[in-house]
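All chains are named by letter (A, B, ...) in the order of the sequence lines, taking the proteins before the strands, and each is independently numbered beginning at 1. Values below: all heavy atoms of this structure, side chains included; hydrogens, waters and symmetry mates excluded.
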Protein chains: 2
Amino acid sequence: MLAKPSIKRSANTGIADEPSELRMTRQRREVYRVLLAQRDHPTAYDVFMRVKDGLPHISLATVYNCLEALVEHDLVRQVNFDREPSRYCPNLEEHGHFHDRDTGVIHDVKFKPGIKLADVLDLPHGAVIQDVEINLRGQLSLA
Amino acid sequence: MLAKPSIKRSANTGIADEPSELRMTRQRREVYRVLLAQRDHPTAYDVFMRVKDGLPHISLATVYNCLEALVEHDLVRQVNFDREPSRYCPNLEEHGHFHDRDTGVIHDVKFKPGIKLADVLDLPHGAVIQDVEINLRGQLSLA
DNA sequence: CCGATAGCAAGAACTATTCTAAATTCACGC
DNA sequence: GCGTGAATTTAGAATAGTTCTTGCTATCGG
Ligand SMILES: [Mn+2]
Ligand SMILES: [Mn+2]
Ligand SMILES: [Zn+2]
Ligand SMILES: [Zn+2]
């Protein structure tokens, strides 16, 4: 995924401020820690369950808020397969996802070295790409 | 998107039947006609509104049913950007989608000739890909 | 410490989609 | 052209992941 600038405008002036720092609260730190600890592309609810070990009073809404904050500050990527619950991935390298229909496991899929998207796709003239999502589905043949 | 075999198994035997034909009802035909007539990746609700011109009594649930049937029989592709409402595309060539943030327009994006996904992606060993989804977001620079 | 801003928790609300149940249409053998 | 069973349609209810609202708490700069 390419970087997305997270601009905020002050309510008073309407002038663009610096992109604000992410305040690392206990909840956000724990959500992020959980994502790094087990990189299996958990859903928000999965994260909620895992975070409760360390923060038993955290709410699901807070998990959603934390995930949104982490995504907006480009520490975490949101991964959507069709209309299933969103999943979250702390791998910041440009990569796609392969969903194994048999096991449900989602594998990270890297580009082969030296490949750029503009090399393989016939983009509209003047297109500036800000975000790339590559989602594959299939099976892992056991042969 | 790669072809997805739509196998049905008879309830009695559990033996695989032929993939059943899509029965072209008035509703399905009209939904399909609307998709072909204006290829702007409409949502189910967009389709509903357009189909009502020809079939004023059609229900939204039927539009969903028809779209699902068309997708399952590989006449139409479902296109999902993040968690926005699904959109529908009758272009059966293998292609991705570019969402222009400024205009909201979704453009079809073809692969450059001769490119295969396995050539550019580092797939897991033994992966058999059944479905490919490539979604881009960005802007069209006017320069 | 003070006032302001940001974040959290709990539950309600939202909304795209799916499900339910009853009515209608259809395919097909006679 | 019927009768019959299966498929489809319809309207409305239900579902479920996510977002919003509200009141409270934590944090920050001074
Ligand atoms: Mn898809
Ligand atoms: Mn995305
Ligand atoms: Zn990933
Ligand atoms: Zn398309």
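Atom NZ of B:K110 has 12 or fewer heavy atoms from other residues, nucleotides or ligands within 6.0 Å.
Across all strands, A:T62 comes closer than 4.0 Å to base atoms (heavy-atom distances).
What separates CG of B:L22 from P of C:dC26 is a distance of 14 Å, to the nearest Å. The CZ atom of B:F48 sits 11 Å away from the P atom of D:dG12 (whole-angstrom rounding). Between the CZ atom of A:R26 and the P atom of D:dT25 there is a distance of 13 Å, rounded to whole Å. If you measure from atom CZ of B:R29 to atom P of C:dC26, you get 10 Å, rounded to the nearest angstrom. Rounded to a whole Å, the NE2 atom of A:H57 is 14 Å from the P atom of C:dG11. The CD1 atom of A:I58 sits 15 Å away from the C1' atom of D:dA26 (whole-angstrom rounding). The nearest whole Å value for the distance from the CG atom in B:D82 to the P atom in D:dT19 is 11 Å. In this structure, A:L55 places its CG atom 14 Å from C1' of D:dA26, rounding to the nearest Å.
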Find every protein N or O atom lying less than 3.5 Å from an N or O atom of nucleotides 14-20 of chain C, and list the pairs.
unit_1 : atom_1 : unit_2 : atom_2 : d
C:dT17 : OP1    : A:R83  : NE     : 3.3
C:dT17 : OP1    : B:S86  : N      : 2.9
C:dT17 : OP1    : B:S86  : OG     : 3.2
C:dT17 : OP2    : B:Y64  : OH     : 2.5
C:dT17 : O5'    : B:Y64  : OH     : 3.4

Worked verdict on A:I106 versus A:F98 for side chain to side chain contact (heavy atoms under 4.5 Å, CB included): CA-CA 5 Å; A:I106 293 177; A:F98 174 83; over 6 Å; no

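The side chain of B:R23 lies closest to C:dC26, out of C:dA9, C:dC26, D:dT9.
Proximity of A:Q27 to the phosphate of D:dA26: no side-chain N or O atom is located under 4.0 Å from OP1 or OP2. Residue A:T25 places at least one side-chain N or O under 4.0 Å from the OP1 or OP2 atom of C:dC8.
Taking 4.0 Å as the cut-off between side-chain N and carboxylate O, B:R50 and B:D40 count as a salt-bridged pair. Checked for salt-bridge contact, A:R137 and A:D82 meet the test: a charged N lies under 4.0 Å from a carboxylate O. Taking the charged nitrogens against the carboxylate oxygens, A:E68 and B:R83 have no contact shorter than 4.0 Å, which rules out a salt bridge.
A side-chain donor-acceptor contact under 3.5 Å links B:D46 and B:T43.
In this structure, A:H41 and A:H97 have perpendicular ring planes: the angle between them is above 60°, well past the 30° mark.
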